[in-house]
J.: 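I have a structure I would like to understand better, so I am pasting it below and will then ask my questions one at a time.
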Amino acid sequence: MTAPAATRRPHTPEETPMTTATSTANPTAPSRIARLRAAATAEARLLLRNRTAVFNSVLMPLLLVAAVPALGIGGGEVGVGPTMLTAAVVISLVYLTYYNLVTTYVARREDLVLQRMRTGELSDGEVLTATAVPTLLVTVGQLLLVTAGVVALGEWTAPVQPLLVVGAVLGGLVLMVLLAIASTGFTRTAESAQITTLPIVLVSSALSGLFFPLSVLPEGLANIARFLPVTPVVDLLHLGFSGTTWEGDPVGDVSVWTWAAFPAGLLVAWIVVAALLARRGFRWAPRR
């Protein structure tokens, strides 16, 4: 990381604009990818040093996914494999990506790490991205590990519409990162994240349709649950993996895209809302 801006040598009057432009375009300066890789590697080292974070990031999601068959969730016409994979995606997104990033961003902010990173060559977006990269890689690794386990157990079935599954995962990752950034605006310490993240971690995931069909809820509550941020991800995963709606009804190969229009649009809308909240609510300096 380069020296803070305040310590850099100012340009002298003898330095012409051409000289300044030449130094700015120095071909030996690290590229954006190189800067992101270096910052992400440093963040990964910080993550590995925190045993609690490693447990929450690696073991906790796997334990929760393993509990899905034991609790009798899913199965039946849908099958154990698609049910476990759907649970793996949602649990990893909520408990790993979202919660872990909230605590990470807040901890780095309170330790003034984010401010120091901003004084270098990284842009604000690059600082936030580099901080999220290790968690995103762990999330993808978790999903690959669970997929390999489902194959090894003989429970693998090919997704009905793989594109919907990929779209749900990628859209969910983007949404959880943005929600994590937005949540830091009202999270003073890493410890208080246990409280401030409850609306997403507990309420939104519980009413997402992952653990039970939303049709068993009272009509008013079911309608509210359908518009929560995690619900469209679950809907798209159900449609992509097994071709079933949020009510558990099977649909044809053509109808699945018609049914996917609403949750896909809702997921995009939540991404836009989360981006606006993140832009307005994120703080780089500790809240005193």
Side-chain angles (χ1 to χ4, degrees), residues 60-61 64-65 67-68 71 73-74 78 82-83 85-103 135 139 143 164-187 193-242 244-249 256 258-282:
M60 183 61 72
L64 292 173
V65 173
V68 169
L71 296 174
I73 300 173
V78 175
T83 300
L85 290 173
T86 300
V89 173
V90 176
I91 291 172
S92 295
L93 288 177
V94 173
Y95 290 89
L96 200 167
T97 306
Y98 171 71
Y99 179 79
N100 188 64
L101 279 181
V102 172
T103 59
T135 297
T139 301
L143 298 181
L164 290 181
V165 175
V166 174
V169 174
L170 294 180
L173 285 172
V174 173
L175 177 59
M176 290 300 120
V177 172
L178 292 174
L179 286 177
I181 295 173
S183 298
T184 62
F186 48 85
T187 305
Q194 300 177 39
I195 305 299
T196 59
T197 59
L198 286 180
I200 301 295
V201 172
L202 186 60
V203 179
S204 185
S205 58
L207 298 177
S208 65
L210 173 65
F211 303 105
F212 51 82
L214 297 182
S215 57
V216 305
L217 298 173
E219 183 178 358
L221 182 57
N223 290 333
I224 294 175
R226 290 208 68 194
F227 286 90
L228 296 178
V230 182
T231 306
V233 177
V234 176
D235 287 346
L236 290 175
L237 291 173
H238 283 322
L239 289 168
F241 276 126
S242 56
T244 57
T245 68
W246 64 284
E247 295 179 332
D249 299 326
V256 69
T258 303
W259 280 91
F262 176 78
L266 184 59
L267 179 57
V268 172
W270 266 112
I271 289 175
V272 173
V273 171
L276 294 175
L277 293 175
R279 184 179 182 86
R280 296 188 62 180
F282 186 77

J.: Which heavy atom of Pro82 sits nearest a heavy atom of Phe241, and at what distance?
T.: CB-CB, 4.0 Å
J.: Under the rule for side-chain hydrogen bond (donor to acceptor under 3.5 Å, both in side chains), what residues qualify as partners of Thr103, not counting sequence neighbours?
T.: none
J.: Let me confirm one number: the CG-CG distance from Leu85 to Leu143, rounded to the nearest 0.5 Å.
T.: 8.5 Å
J.: Applying salt bridge (Lys or Arg N to Asp or Glu O under 4.0 Å), which residue pairs with at least one partner in residues 226-237 are found, sequence neighbours left out?
T.: Arg226-Asp235
J.: Let me have the donor-acceptor pairs involving side chains of residues 206-214, under 3.5 Å, with sequence neighbours excluded, atom names and distances please.
T.:
unit_1, atom_1, unit_2, atom_2, d
Ser208, OG, Ser205, O, 2.7
Ser208, OG, Leu210, N, 3.4

J.: How many angstroms lie between atom OG1 of Thr197 and atom CD1 of Ile195, to the nearest 0.5 angstrom?
T.: 8.0 Å
J.: Using the test side-chain hydrogen bond (donor to acceptor under 3.5 Å, both in side chains), find all partners of Ser183 that sit at least two apart in sequence or belong to another chain.
T.: Tyr98
J.: Are the side chains of Leu228 and Thr231 in contact, using a 4.5 Å heavy-atom criterion?
T.: yes
J.: Who are the side-chain contact (heavy atoms from CB on, under 4.5 Å) partners of Ala260, not counting sequence neighbours?
T.: Leu164, Leu236, Leu239
J.: Which atom pair, heavy atoms only, marks the closest approach of Ile271 to Gly171?
T.: CD1-O, 3.8 Å
J.: Can you name the side-chain contact (heavy atoms from CB on, under 4.5 Å) partners of Pro232, sequence neighbours left out?
T.: Pro263, Leu266, Leu267
J.: Roughly how far, to the nearest 0.5 Å, is the CH2 atom of Trp270 from the OG atom of Ser204?
T.: 7.5 Å
J.: Testing Leu93, Thr97, Ile91 one by one against Tyr95 for a side chain to side chain contact (heavy atoms under 4.5 Å, CB included), which residue passes?
T.: Ile91
J.: Taking all non-hydrogen atoms of both residues, which atom of Leu175 and which atom of Pro229 are closest, and how far apart?
T.: CD2-O, 3.6 Å
J.: Can you name the residues that form a side-chain hydrogen bond (donor to acceptor under 3.5 Å, both in side chains) with Thr184, not counting sequence neighbours?
T.: none
J.: My understanding is that only residues two or more places apart in sequence, or in another chain, count here; which of them pass side-chain hydrogen bond (donor to acceptor under 3.5 Å, both in side chains) with Thr196?
T.: Thr187
J.: Just verifying a value: how many Å separate Thr139 OG1 and Leu101 CG, rounded to the nearest 0.5 Å?
T.: 7.5 Å
J.: Ignoring hydrogens, what is the shortest heavy-atom contact between Ala180 and Val102? Give both atom names and the distance.
T.: CA-CG2, 3.6 Å
J.: Can you name the ring-ring contact (aromatic ring centres under 6.0 Å, His included) partners of Phe186, sequence neighbours left out?
T.: none
J.: If you define the side chain from C-beta out and look only at heavy atoms, does anything of Val90 sit under 4.5 Å from Val230?
T.: yes
J.: Do Ser242 side-chain atoms and His238 backbone N/O form a donor-acceptor pair below 3.5 Å?
T.: yes
J.: Under the side-chain contact (heavy atoms from CB on, under 4.5 Å) rule, collect the residues that match up with Ile224, sequence neighbours excluded.
T.: none
J.: Who passes side-chain contact (heavy atoms from CB on, under 4.5 Å) against Ala275, sequence neighbours left out?
T.: Leu178
